[in-house]
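Input: a single structure, listed below in structure tokens.
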Protein chains: 2
Amino acid sequence: MTPTITVSRWLDLLQSAGCRVTAPRRAIVELMVGTSRALGPIEVYDLGRTEHPGLGLVTVYRTLEKLEELGLIERVHLPDGCHRYLRTADGHQHLLLCTTCGLVQTFAGDDLDPLTGKVASDTGFAINEHWLQFFGTCPNCRKPISTLSES
Amino acid sequence: MTPTITVSRWLDLLQSAGCRVTAPRRAIVELMVGTSRALGPIEVYDLGRTEHPGLGLVTVYRTLEKLEELGLIERVHLPDGCHRYLRTADGHQHLLLCTTCGLVQTFAGDDLDPLTGKVASDTGFAINEHWLQFFGTCPNCRKPISTLSES
DNA sequence: TTGTAATTGAAAATCATTTTCAATACAAGG
DNA sequence: CCTTGTATTGAAAATGATTTTCAATTACAA
Ligand SMILES: [Mn+2]
Ligand SMILES: [Mn+2]
Ligand SMILES: [Zn+2]
Ligand SMILES: [Zn+2]
């Protein structure tokens, strides 16, 4: 799905939820749809004002909260905190984060069922959720200095 | 290692790091060594004052920060935030958390190397760390109401 | 025992987030 | 295209968490 289509889908979903489609919301939605990094409120505020100069920080908080309620974005947990949001991936996916530039990709295919079963029987817990995240350096950030100008 | 031994080991480590062993620090260390739940600053403050009534919240923040620097405790990431601390486990362990009572256990034995390798070659990332956590209900919280009085 | 630097807790300052509120703008209906 | 009711907005104030400042206290090396 192209970013433009995704933006209108998000706006439609907002409207179906009884919300009005306004310029500030459009700016924030475009931002969150188009970004592959987890963004915090202040970042959204700063980036959003290039699109909609009057944007208020309060509106950023309110809109992020609403998008999270609708499941379109979600909080990302990072070593330095959990105050950044990213668009939600489809299906069961986990995150792979570049610790240098913040780029986020997703991956699937983890099979934790055997481990989950073993841990459950070892401990007596009923396990019903897991968090898995990988951290590393993305291809772009791995490039040596000498080749940076070529990209 | 018994809790008492662990407490003196932590205090020794504090001292080796150039810190003085004081009553407020001792109270906080005893708390963090003896608890199997992730505790936030206010919880540490409240629990700590039963041991050391004059304890100040500022001292709690400062001591938790120092214990984290020494690697004795670490921040736990939970759905509702990452402002709680837990003593660090030995070796490569992951957390299993009870979403009802907050009890935390650890487990080992995850083998994510194959998946890590696959994701690395699929994405071009150099992966150097992973986070894994399980959530569920602990044996005690799984007990039906009718048997609660028996425990 | 003494001297000194680290530590303490209260109070003030700072920073992030939430609430309040009057003005504005969306969108449903005429 | 207007009108109208209500959701939304952003500024300012309020709140809550964390950090900084500072004078008094305390640990501990000598
Ligand atoms: Mn999974
Ligand atoms: Mn592991
Ligand atoms: Zn990168
Ligand atoms: Zn429990």
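Letters A, B, ... mirror the listed sequences (proteins, then strands); counts begin at 1.
In this entry the distance linking CG of L64(A) with C1' of dT9(D) reads 15 Å, nearest Å. Taking atom CD of E68(B) as the reference point, atom C1' of dT19(D) lies 15 Å away to the nearest angstrom. As a whole-Å value, the separation of L14(B) CG from dA27(D) C1' is 14 Å. Atom OH of Y61(A) is separated from atom P of dT9(D) by 16 Å (rounded to the nearest Å). Rounding to whole angstrom units, CG of residue D80(B) and C1' of dG16(D) are separated by 16 Å. The CG-P distance, from L11(A) to dT8(D), rounds to 13 Å in whole Å.
Note on E65(A): nothing from the nucleic acid sits closer than 4.0 angstrom, heavy atoms only.
Residue-to-nucleotide contacts include a donor-acceptor pair under 3.5 Å from the side chain of R20(A) to the base of dT6(D).
Within residues 38-59 of chain A, the residues having any heavy atom under 4.0 Å from DNA chain C are, by residue number, P41(A), V58(A).
Considering only heavy atoms from C-beta on, L115(A) stays 4.5 Å or farther from H130(A) through its side chain. When side chains are defined from C-beta on, D110(B) counts as touching H92(B), because their heavy atoms get closer than 4.5 Å. The closest side-chain heavy-atom distance from L70(B) to W10(B) is not below 4.5 Å. In this structure, the side chains of L55(B) and I28(B) come closer than 4.5 Å at one or more pairs of heavy atoms. Annotation: side chain of T123(A) is not in contact with side chain of F107(B) (no heavy-atom distance under 4.5 Å).
Hydrophobic clustering (side-chain heavy atoms under 4.5 Å, transitive across Ile, Leu, Val, Met, Phe, Trp, Tyr) groups I42(A) together with I73(A). Note on L112(A): it clusters hydrophobically with L96(A), by side-chain heavy-atom contacts below 4.5 Å among ILVMFWY residues.
For the atom pair E129(B) CD and T116(B) OG1, the distance stands at 11.5 Å (nearest 0.5 Å). Of the inter-residue distances, the one linking R37(A) atom CZ with L103(A) atom CG reads 9.0 Å to the nearest 0.5 angstrom.
Here chain A contacts DNA chain C (any atom closer than 4.0 Å to a heavy atom, that is under 4.0 Å), and the contacts span dA16(C) to dA27(C) from 5' to 3'.
Where T22(A) and C19(B) each meet DNA chain C at their nearest nucleotide, the meeting point lying more 5' is that of C19(B).
Close to dT8(D), at under 4.0 Å from its OP1 or OP2, lies a side-chain N or O of R25(A).
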